[in-house]
Amino acid sequence: MAKLFEAIFFKSLFLFWYRFLLRQLKNLIVLHRTITNSFTTTKTSQIKYQKFPSLINRSDLNDHTLIFDVENTLLKSSSLFPYFMLVAFEAGGLIRAIVLIFLYPFIYLVGEKMGLKIMVMTCFFGIKAENFRIGRSVLPKFFLEDVGSEIFEVLKKGGKKMGVSNLPRVMVESFLKEYLEIDFVVGREMKMFCGYYVGLMNETKNKYALEQVKEGKGCSDMIGITTFDLIPHHEIFSSCKELYAVTQDDKRSWKKLEKEKYPKALIFHDGRLALTPTPTPTKSIAMLMWLPFGLILSVIRIALAVSLPFRISTPLLTFTGLRLTSSIPENSHRNKQNGDDKSNGHGHLYVCNHRTLLDPLYISFSLQKKLIAVTYSLSRMSEILAPIKTVRLTRKRDIDAKMMRRLLEQGDVVVCPEGTTCREPYLLRFSPLFSEICDQITPVAVDTHVSMFHGTTASGLKCLDPVFFLANPFPVYTVRLLNQVVPSQGNNNVGDVNVNESENCRFEVANHVQEEIGNALGFECTKLTRKDKYLILAGNEGVVFNRKRSY
């Protein structure tokens with residue numbers, strides 16, 4: 001009886017493996033061979049399957065609509081964890097990011113679909129929809145750094161372009177439309193309650209998206225670019241007459257898209273994280289473990305800078321990991337005393353580009369003397385902790401001009417005429433105010449490098465900017481003093497710029513100083529302003545009416 005039961009058991013087990021597992025494996029092998037070898041075998045008689053490399057050499061793509069899978073074809077990385085980690089940290093805070101880290105093993109085990117739902121719930125639950133700007137201010141930088149150059153060159157040749165994503169639309173829409181010039185974006189809509197995300201997604205509205213695509217050029221000949229898994233299942237791709245399959249080997253061979261090839265330059269971006277969380281949470285864990293020690297180290301560095309003279313604090317700060325590289329011309333005012341450093345009763349004016357709130361302080365450390373810093377925006381905490389005198393400008397030309405002239409009678413002054421910080425290698429438009437108030441101007445080229453945290457923000461608390469910058473293990477500052485500019489000297493010439501008594505004089509001087517700093521740093525000069533930055537990153541003009549808040 002036992003032998004009979006054993007025979008029945010093994011026979012049933014064999015039939016189970018044969019009917020379910022072996023048949024499914026056989027179907028997968030047949031589908032793979034169909035796509036990769038024959039190119040024209042189809043699930044219906046109207047669709048052709050081909051390898052992606054054969055799409056690169058086609059010359060008629062401008063007459064077609066290209067529909068591509070964002071996560072599986074456009075991006076080189078196959079993991080979505082880094083982008084959700086950015087959302088969790090930047091929109092939800094430190095605790096939410098730690099929760100996501102602890103959930104990562106479970107997310108990895110439950111599979112792609114369920115893992116996506118868990119990450120969406122963790123990152124979006126309780127976030128106010130109106131204030132969610134991470135998809136426009138933070139994520140585009142990291143998405144662009146993961147775009148494959150080869151797939152981008154193909155998309156650039158297409159007529160209309162549609163991106164299909166399983167991610168929430170608020171995460172990918174700005175990146176695709178504003179920076180890659182994609183015409184249509186199909187993503188998952190987030191469910192809301194009383195203006196807050198509940199962490200759940202609606203189904204993708206594929207039919208409505210197809211109707212939009214079919215209203216114009218290339219509608220009758222749609223070409224799909226996807227992976228093997230989505231070919232037979234996705235409604236949009238099943239409507240294409242031709243499908244090109246991208247493999248993991250294809251993606252591994254692609255190069256990352258160079259910044260020079262971006263359709264729209266990435267000039268502004270926000271967020272505290274300077275590093276990209278890796279697909280496995282190694283970097284994220286290291287960053288979160290370092291953060292408490294980094295904040296303590298930041299407090300120590302601030303205390304040293306505030307309480308000790310330059311000659312003593314400089315070597316101690318270097319010992320803690322701060323790196324300062326300075327370059328000063330021989331004809332500078334470094335070795336002159338305050339009494340001898342004035343010309344006609346006025347101090348010297350240093351004009352620098354704006355990287356962080358610490359720019360004036362680092363220039364003071366480079367010159368080994370205290371300067372007076374005038375700035376357009378400064379938090380109350382930064383004013384209290386600053387070891388040098390700081391003065392706020394009112395953005396009213398006449399009042400600010402009188403104030404700066406009065407400060408120049410007291411000593412040397414440093415000003416950042418951009419009015420706001422810029423992280424990328426670009427210079428914003430210089431306010432011409434400084435060119436009217438002083439005859440001796442020294443341009444100062446400033447640059448920074450951080451490995452974990454950015455020391456600037458547009459939507460967060462400005463008072464924490466120096467804290468986060470100094471929380472980096474080895475933050476680097478480069479200060480380079482350039483040759484003096486004397487607007488009123490000789491025949492009123494500033495380099496090649498003719499300076500006269502007209503209204504354009506001050507703009508010419510400001511543009512010349514901007515160009516000198518840009519050439520020294522290798523940065524590109526722009527006409528963008530503080531208002532442009534805050535409209536993009538924070539949805540406002542950067543003007544604060546409530547003095548109790550610090551921006």
Side-chain angles (χ1 to χ4, degrees), residues 331-334 336-354 357 359-364 366-367 369-378 380 382-383 386-420 428-446 479 481-495 497-517 529-530 543 547:
N331 62 347
S332 69
H333 295 257
R334 176 178 180 179
K336 296 183 180 181
Q337 301 296 327
N338 288 338
D340 300 330
D341 198 27
K342 295 181 180 181
S343 175
N344 298 324
H346 291 281
H348 199 79
L349 182 64
Y350 296 92
V351 178
C352 69
N353 59 304
H354 205 3
L357 292 176
D359 295 336
L361 182 59
Y362 270 94
I363 295 175
S364 294
S366 299
L367 296 172
K369 65 179 180 181
K370 290 192 175 182
L371 305 175
I372 302 173
V374 293
T375 179
Y376 288 97
S377 61
L378 191 67
R380 185 61 180 168
S382 299
E383 286 183 308
I388 61 176
K389 184 177 180 180
T390 59
V391 179
R392 292 192 194 187
L393 295 176
T394 64
R395 299 186 184 276
K396 296 180 180 179
R397 177 181 170 186
D398 295 337
I399 297 177
D400 291 339
K402 291 179 181 179
M403 182 189 302
M404 291 181 66
R405 288 191 181 96
R406 185 170 62 252
L407 293 173
L408 282 169
E409 294 176 357
Q410 303 174 17
D412 295 341
V413 175
V414 57
V415 62
C416 305
E418 287 179 288
T420 188
L428 308 186
R429 190 181 70 185
F430 277 27
S431 169
L433 176 63
F434 70 89
S435 63
E436 309 173 4
I437 61 175
C438 187
D439 291 336
Q440 295 186 7
I441 300 171
T442 297
V444 184
V446 176
V479 176
L481 273 71
L482 308 179
N483 293 325
Q484 290 185 14
V485 172
V486 186
S488 60
Q489 188 179 47
N491 295 324
N492 291 335
N493 289 325
V494 184
V497 179
N498 183 30
V499 180
N500 49 50
E501 298 296 328
S502 67
E503 180 67 17
N504 293 330
C505 166
R506 58 195 185 98
F507 291 101
E508 293 173 350
V509 175
N511 291 339
H512 175 71
V513 173
Q514 182 197 42
E515 183 179 356
E516 289 294 313
I517 296 176
T529 64
R530 170 190 172 90
V543 179
R547 293 185 179 180

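No hydrogens, no waters, no symmetry mates; every other heavy atom, side chains included, goes into these values.
Between Gln440 atom CD and Tyr350 atom OH the span is 9.5 Å, to the nearest 0.5 Å. In this structure, Cys416 SG and Phe434 CZ are separated by 11.5 Å, a value rounded to the nearest 0.5 Å. Interatomic distance, Ile437 CD1 to Arg405 CZ, rounded to the nearest 0.5 Å: 6.5 Å. Rounding to the nearest 0.5 Å gives a distance of 10.0 Å between CD1 of Ile517 and NE2 of His512. Atom NZ of Lys370 sits about 10.0 Å away from atom CG of Leu361, to the nearest 0.5 Å. Once rounded to the nearest 0.5 Å, the distance linking CG of Leu393 with OG1 of Thr375 reads 7.0 Å.
In terms of heavy-atom proximity, Leu349 sits nearest to Val415 at CD1-CG1, 4.0 Å. Annotation for Ile441 and Ser435: closest pair CD1-CA, 4.3 Å, computed over non-hydrogen atoms. In this structure, Leu357 and Pro360 approach most closely via the heavy-atom pair O-CD, 3.6 Å. Taking both residues in full, the closest heavy atoms of Leu408 and His348 are given as CD2-O, 3.8 Å, listed atom of the first, atom of the second, then distance.
Using modelled atom types, one side-chain atom of Asp400 and one backbone atom of Thr394 make a donor-acceptor pair closer than 3.5 Å. For the pair Gln514 (side chain) and Leu428 (backbone), a donor-acceptor distance under 3.5 Å is present. Here the side chain of Asp412 pairs no donor or acceptor atom with the backbone of Leu371 at under 3.5 angstrom.
The side-chain hydrogen bond (donor to acceptor under 3.5 Å, both in side chains) search around Lys389 returns Gln410, not counting sequence neighbours. In terms of the side-chain hydrogen bond (donor to acceptor under 3.5 Å, both in side chains) criterion, Asn511 has no residue partners (sequence neighbours excluded). Shown here are the side-chain hydrogen bond (donor to acceptor under 3.5 Å, both in side chains) partners of Ser431, two or more places apart in sequence or in another chain: Tyr376.
Looking only at side-chain heavy atoms (C-beta outward), Leu481 and Leu367 come within less than 4.5 Å of each other. Within the 4.5 Å cutoff, side-chain heavy atoms of Val513 are placed close to those of Phe430. At a threshold of 4.5 Å between non-hydrogen side-chain atoms, the residues His354 and Arg530 do not count as touching. Val444 has its side chain out of reach of Val414: every pair of non-hydrogen atoms, C-beta onward, lies at least 4.5 Å apart.
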